[in-house]
Student: 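I'd like to ask you about the structure that follows.
Since the structure is predicted, the reported quantities are computational estimates derived from the model, not experimental observations.
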Amino acid sequence: MIFKGKNIVIGITGGIAAYKICDLIRLLVKDEINVDVILTKAAKEFVTPLTIQTLTSNPVYWDMFSVDFEPKIGHISLAQKADLIVVAPATADIIAKVASGICDDLLTTTICATKSPVLFIPSMNVNMWDNPIFQENLCKVKKFYKVMEPVEGLLACGDYGKGKLPDVEDIFEEIKICLSKKLIDGKRVLITAGPTVEEIDPVRYISNYSSGKMGYALAKVAKRLGADVTLISGPTALRKPYGINFVSIKSADDMHRAVFKDIKSFDIIIMAAAVADYKPMKKADKKIKKSGKSLTLDLVQNVDILKDISVKRKKGSLLVGFAAETESLIENAQKKLIEKNLDYIVANDVKEEGSGFQVDTNRAAIIGKNLLVKLPLMSKEDLAYKIFELINKG
């Protein structure tokens, strides 16, 4: 796990969304990230120290003068320990205090004492959010710290508008972005993912077993590493990755159009989608009825997107393909690398246990013109990091 052993200090303040931070803590701990929590006095009205301690397996802090810190000074030890401080939910009160340099409790003094990055995640009533004094305070905080703005939705008070805490999974992803080294900072990255759907009639289609998991993992990791990411995806059951430009398509022809809309603007192109090689010559306008006899479908080849990209991409850009094989893995992948004029190809044997479609892991070989790296079984996210590390080295 890439983030194993990282130290996060979470400051929970007195907003109704405080209870949602328990789910955030659960996600962080599951990734083996160490979590220390500071509760403000008001936060203890919404979540109890016992609940937080049970989730983190760590003491919970709220009193700046507590003997629990002995022989260390509490706010200094937490400030030095943190790889990142997250304030969530961040109320108008805490933002006003930080903007004004007030240090009157454990959380504000820890923020003032740290040299680590600090992420504020505001959550409040829409009218409080729109208040001009609050907005002035927020602008001041943004000059020095990172702010993940709230989303629009139905608020706890019954009002509708901006002020709702972002989805916990999106906060989790924003934390990973904050913790990641920016290996490809400023690069524009295009990634394709998932299957394509080639329609036979209004109720049937040809497709494949691709889940999109590898492409989505690549998109998330590219964003964490500092890239401006566009993900073009066929139909999947996956949640849209946070913070990227997402384009939904169905067929190979749809994907071809989407890919070439702005192809020359991308620095790195990774074609992880499992594009159908064939499509029906003609789609039936009505459902084909069962007749009791055999049915013959006339298929024609789909456009070769990968081959077209190799000709039309920006000069100096990197092109990475994928090869899902069932035999002669390295030989077939090397052949595809040359035929499609790729810089790299990621190959895996889909018959191997834990590798290929529908699973969260992969065992792959990364091949370049002068490179062959065989990797052990690992999560698709970890594989995505390996891919970017290798292509970044050139």
Student: If we ignore hydrogens and angles and just use 3.5 Å, is the side chain of Lys220 paired with the main-chain N or O of Pro241 as donor and acceptor?
Tutor: no
Student: Can you tell me if Thr196 uses its side chain to pair, donor with acceptor, with the backbone of Ala276 under 3.5 Å?
Tutor: yes
Student: Give a yes or no on whether Ile102 and Ile111 share a hydrophobic cluster (residues Ile, Leu, Val, Met, Phe, Trp, Tyr; joining criterion: side-chain heavy atoms under 4.5 Å apart).
Tutor: no
Student: Using links of under 4.5 Å between side-chain heavy atoms of ILVMFWY residues, direct or through other members, which residues join Tyr205 in one cluster?
Tutor: Val197
Student: For the residue pair Leu39 and Trp62, what are the closest heavy atoms and their distance?
Tutor: O-CB, 3.1 Å
Student: Quick one: pull up OG in Ser123 and CE in Met128 and give me the separation to the nearest 0.5 Å.
Tutor: 10.0 Å
Student: Can you hop from Ile191 to Phe260 via hydrophobic side chains spaced under 4.5 Å?
Tutor: no
Student: Heavy-atom count check: over 12 atoms from other residues, nucleotides or ligands less than 6.0 Å from Gln358 CD?
Tutor: yes
Student: Is there a donor-acceptor pair closer than 3.5 Å between any side-chain N or O of Ser233 and the backbone N or O of Gly194?
Tutor: no
Student: What residues form a salt bridge (Lys or Arg N to Asp or Glu O under 4.0 Å) with Glu174, not counting sequence neighbours?
Tutor: Lys146
Student: So which residues get pulled into Leu154's cluster when ILVMFWY side chains under 4.5 Å apart are joined, directly or through others?
Tutor: Tyr160
Student: For a 4.5 angstrom cut-off between non-hydrogen side-chain atoms, does Ile2 reach Glu381?
Tutor: no
Student: Counting distance only, does the side-chain N/O of Ser265 pair as donor-acceptor with the main-chain N or O of Asp262 below 3.5 Å?
Tutor: yes
Student: Counting heavy atoms not belonging to Gln53, are there more than 12 under 6.0 Å from its CD?
Tutor: yes
Student: Dump the intermediate steps for side chain to side chain contact (heavy atoms under 4.5 Å, CB included) on Leu329 and Lys374, then the final yes or no.
Tutor: CA-CA 11 Å; Leu329 178 68; Lys374 293 182 179 180; over 6 Å; no
Student: Do Lys97 and Asp93 meet the salt-bridge criterion of a basic N to acidic O distance under 4.0 Å?
Tutor: yes
Student: Side chains of residues 114-122: which donor-acceptor partners sit under 3.5 Å, not counting sequence neighbours?
Tutor:
unit_1, atom_1, unit_2, atom_2, d
Thr114, OG1, Ala79, O, 3.0
Thr114, OG1, Ser116, N, 3.0
Ser116, OG, Ala82, O, 2.5

Student: Which value, rounded to the nearest 0.5 Å, describes the distance between Tyr278 atom OH and Asn302 atom CG?
Tutor: 10.0 Å
Student: Taking the side chain as every heavy atom from C-beta outward, state whether Thr91 and Ile94 have any atom pair closer than 4.5 Å.
Tutor: yes
Student: For Ala272, does its backbone N or O pair with a side-chain atom of Thr192 as donor and acceptor, under 3.5 Å?
Tutor: yes
Student: Does any pair with a residue in residues 5-30 pass side-chain hydrogen bond (donor to acceptor under 3.5 Å, both in side chains), and if so which ones, sequence neighbours excluded?
Tutor: Asn7-Asn34
Student: On the 0 to 90° scale, with breaks at 30° and 60°, tag the Phe246-Tyr216 ring pair as parallel, tilted or perpendicular.
Tutor: perpendicular
Student: Who are the side-chain hydrogen bond (donor to acceptor under 3.5 Å, both in side chains) partners of Asp31, not counting sequence neighbours?
Tutor: Lys176
Student: Under a single-linkage definition using a 4.5 Å side-chain heavy-atom cutoff for Ile, Leu, Val, Met, Phe, Trp and Tyr, are Phe322 and Val221 assigned to the same hydrophobic cluster?
Tutor: yes
Student: Among all residues two or more places apart in sequence or in another chain, which pass the side-chain hydrogen bond (donor to acceptor under 3.5 Å, both in side chains) test with Lys213?
Tutor: Asp360
Student: A side-chain contact here means heavy atoms from C-beta on lying under 4.5 Å apart; do Phe3 and Arg224 qualify?
Tutor: yes
Student: Does the side chain of Lys164 come within less than 4.5 Å of Pro150's, by heavy atoms?
Tutor: no
Student: Please name the pair of heavy atoms, one in Ala252 and one in Val275, separated by the smallest distance, quoted to 0.1 Å.
Tutor: CB-CG1, 3.5 Å
Student: If the threshold is 4.0 Å, N to carboxylate O, is there a salt bridge linking Glu198 and Lys279?
Tutor: no
Student: Calculate, to the nearest 0.5 Å, the distance between atoms OG1 and CD1 belonging to Thr110 and Ile85 respectively.
Tutor: 6.0 Å
Student: Under a single-linkage definition using a 4.5 Å side-chain heavy-atom cutoff for Ile, Leu, Val, Met, Phe, Trp and Tyr, are Met124 and Tyr145 assigned to the same hydrophobic cluster?
Tutor: yes
Student: Report yes if some heavy atom in the side chain of Val303 is under 4.5 Å from a heavy atom in the side chain of Met255; otherwise report no.
Tutor: no
Student: Is there side-chain contact between Glu169 and Tyr242, with heavy atoms separated by less than 4.5 Å?
Tutor: no
Student: Quick check: closest heavy atoms across Leu372 and Ala365, and the distance to 0.1 Å?
Tutor: CD1-CB, 4.4 Å
Student: Supply the atom-to-atom distance Lys335 NZ to Glu331 CD, rounded to the nearest 0.5 angstrom.
Tutor: 11.5 Å
Student: Do Lys351 side-chain atoms and Thr326 backbone N/O form a donor-acceptor pair below 3.5 Å?
Tutor: yes
Student: Can you tell me how far CG of Leu375 sits from CG of Asn362, rounded to the nearest 0.5 angstrom?
Tutor: 9.5 Å
Student: Name each donor-acceptor pair under 3.5 Å that joins a side chain in residues 41-50 to protein atoms two or more places apart or in another chain, with its distance.
Tutor:
unit_1, atom_1, unit_2, atom_2, d
Thr48, OG1, Thr51, N, 3.1
Thr48, OG1, Thr51, OG1, 2.8

Student: Main chain of Phe134, side chain of Asn137: is a donor-acceptor contact present, judged purely on distance under 3.5 Å?
Tutor: no
Student: Under a single-linkage definition using a 4.5 Å side-chain heavy-atom cutoff for Ile, Leu, Val, Met, Phe, Trp and Tyr, are Leu337 and Leu319 assigned to the same hydrophobic cluster?
Tutor: yes
Student: Among pairs that include at least one residue of residues 305-315, which meet side-chain hydrogen bond (donor to acceptor under 3.5 Å, both in side chains), considering only residues two or more places apart or in two chains?
Tutor: His256-Asp308, Asp267-Lys314, Arg313-Asp343
Student: Side chains of Ile263 and Ile269, heavy atoms from C-beta outward: is any pair under 4.5 Å?
Tutor: yes
Student: Mind checking what makes salt bridge (Lys or Arg N to Asp or Glu O under 4.0 Å) contact with Lys142, not counting sequence neighbours?
Tutor: Glu149
Student: Is it the case that over 12 heavy atoms from other parts of the model lie below 6.0 angstrom from the NZ atom of Lys250?
Tutor: no
Student: What closest approach, in Å, do Val189 and Ala222 show between heavy atoms, and which atom pair accounts for it?
Tutor: CG1-CB, 4.4 Å
Student: Look at atom NZ of Lys81 and say whether more than 12 heavy atoms of other residues, nucleotides or ligands are closer to it than 6.0 Å.
Tutor: yes
Student: With sequence neighbours excluded, give me every side-chain hydrogen bond (donor to acceptor under 3.5 Å, both in side chains) pair touching residues 281-291.
Tutor: Glu199-Lys283
Student: Mind running side chain to side chain contact (heavy atoms under 4.5 Å, CB included) on Ile206 and Ile200 for me, showing each step along the way?
Tutor: CA-CA 7 Å; Ile206 299 170; Ile200 297 170; 3.9 Å; yes
Student: For Lys181, I'd like to know if atom NZ has over 12 heavy atoms of other residues, nucleotides or ligands within 6.0 Å.
Tutor: no
Student: Among residues at least two apart in sequence or on other chains, which ones pass salt bridge (Lys or Arg N to Asp or Glu O under 4.0 Å) with Asp304?
Tutor: Lys340
Student: Taking all heavy atoms of Val229 and all of Ile244, pick out the closest pair and write down the distance.
Tutor: O-CB, 3.6 Å
Student: Which distance, rounded to the nearest 0.5 Å, do you find between the CG of Leu107 and the CD1 of Ile38?
Tutor: 5.5 Å
Student: Any idea which heavy atoms bring Ser211 and Leu238 closest together, and the distance?
Tutor: O-CD1, 3.4 Å
Student: Side chains of Ile366 and Val320, heavy atoms from C-beta outward: is any pair under 4.5 Å?
Tutor: no
Student: I'd like to know if the side chain of Asn332 and the backbone of Glu327 have a donor-acceptor N/O pair within less than 3.5 Å.
Tutor: yes
